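Just below is one structure, and these are the notes that go with it.
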Amino acid sequence: QVQLVESGGGLVQAGGSLRLSCTASGRTFSSYTMGWFRQAPGQERQNVAAITWLGGKRYYADSAKGRFTISRDYAKNTVYLQMNSLEPEDTAVYYCAAALTGEGEILTGEGEYHYWGQGTQVTVSS
């Protein structure tokens, strides 16, 4: 139903910023949640932020609140994750993912997402 292509990862010093991008293409569906997940070595993949495409409802993990902002651009079919005040603990592979969503519903669990990007590495140095 959808293909996801993400970019924007890189190396940054603690306190710096990065913006990740995820562009959707292919078949479309009427309602879905777009999420950003991250996975560090030896750790389980976890949700960082999510947004519903139609209503713009947002979710942030506690570790992301006040530092990260998720947004969407309808014209470009793109979802962004703006990351500020980055810390070494933010180092991970970041994945864009999509999940079919009912109206008014936002999904946050990894098992609820079925479309995934290739991942982009974010490394934050001390």
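What you see is a predicted model, and the numbers here were worked out from it, not measured in a lab. Sequential numbering from 1 along the given sequence is applied to the chain's residues.
Ser17 and Asn84 share a side-chain donor-acceptor pair at under 3.5 Å. Under the 3.5 Å distance criterion, with hydrogens and angles disregarded, no donor-acceptor pair is assigned to the side chains of Thr78 and Ser21.
Of the possible polar contacts, none joining the Gln82 side chain to the Arg19 backbone as a donor-acceptor pair under 3.5 Å is found. Between the side chain of Gln121 and the backbone N or O of Gly10, no donor-acceptor pair lies under 3.5 Å. Ser63 places no side-chain N or O within donor-acceptor distance of the main-chain N or O of Ala61, the cut-off being under 3.5 Å.
Two residues are said to be in side-chain contact when any heavy atoms from C-beta on lie closer than 4.5 Å; Thr101 and Ile106 fail this criterion. For the pair Phe37/Thr108, no side-chain contact is recorded, criterion being any heavy-atom separation below 4.5 Å from C-beta on. In this structure, Leu18 and Val122 have side chains that are in contact, with non-hydrogen atoms separated by less than 4.5 Å. At a threshold of 4.5 Å between non-hydrogen side-chain atoms, the residues Trp116 and Leu4 do not count as touching. Residues Arg38 and Asp90 are in side-chain contact: their nearest non-hydrogen atoms beyond the backbone lie under 4.5 Å apart. Between Val79 and Trp36, some side-chain heavy-atom pair lies under the 4.5 Å cut-off.
In this structure, Tyr32 and Trp53 have parallel ring planes: the angle between them is below the 30° cut-off, well short of the 60° mark.
Minimum heavy-atom separation, Tyr113 to Gly35: CE2-N, 3.7 Å.
With sequence neighbours excluded, the residues forming a side-chain contact (heavy atoms from CB on, under 4.5 Å) with Glu112 are Leu107, listed by chain and number.
Leu54 is not connected to Tyr59 by any chain of hydrophobic side-chain contacts under 4.5 Å among Ile, Leu, Val, Met, Phe, Trp and Tyr, and they are in different clusters. Note: the hydrophobic cluster containing Val93 does not contain Val48 (ILVMFWY, side chain heavy atoms under 4.5 Å, direct or indirect links).
Rounded to the nearest 0.5 Å, atoms CE (Met83) and CZ (Phe68) are 5.5 Å apart. Atom-to-atom distance recorded for Glu87:CD and Arg67:CZ is 4.5 Å, nearest 0.5 angstrom.
Pairs passing the ring-ring contact (aromatic ring centres under 6.0 Å, His included) check and including a residue from residues 77-109, sequence neighbours excluded, do not occur.
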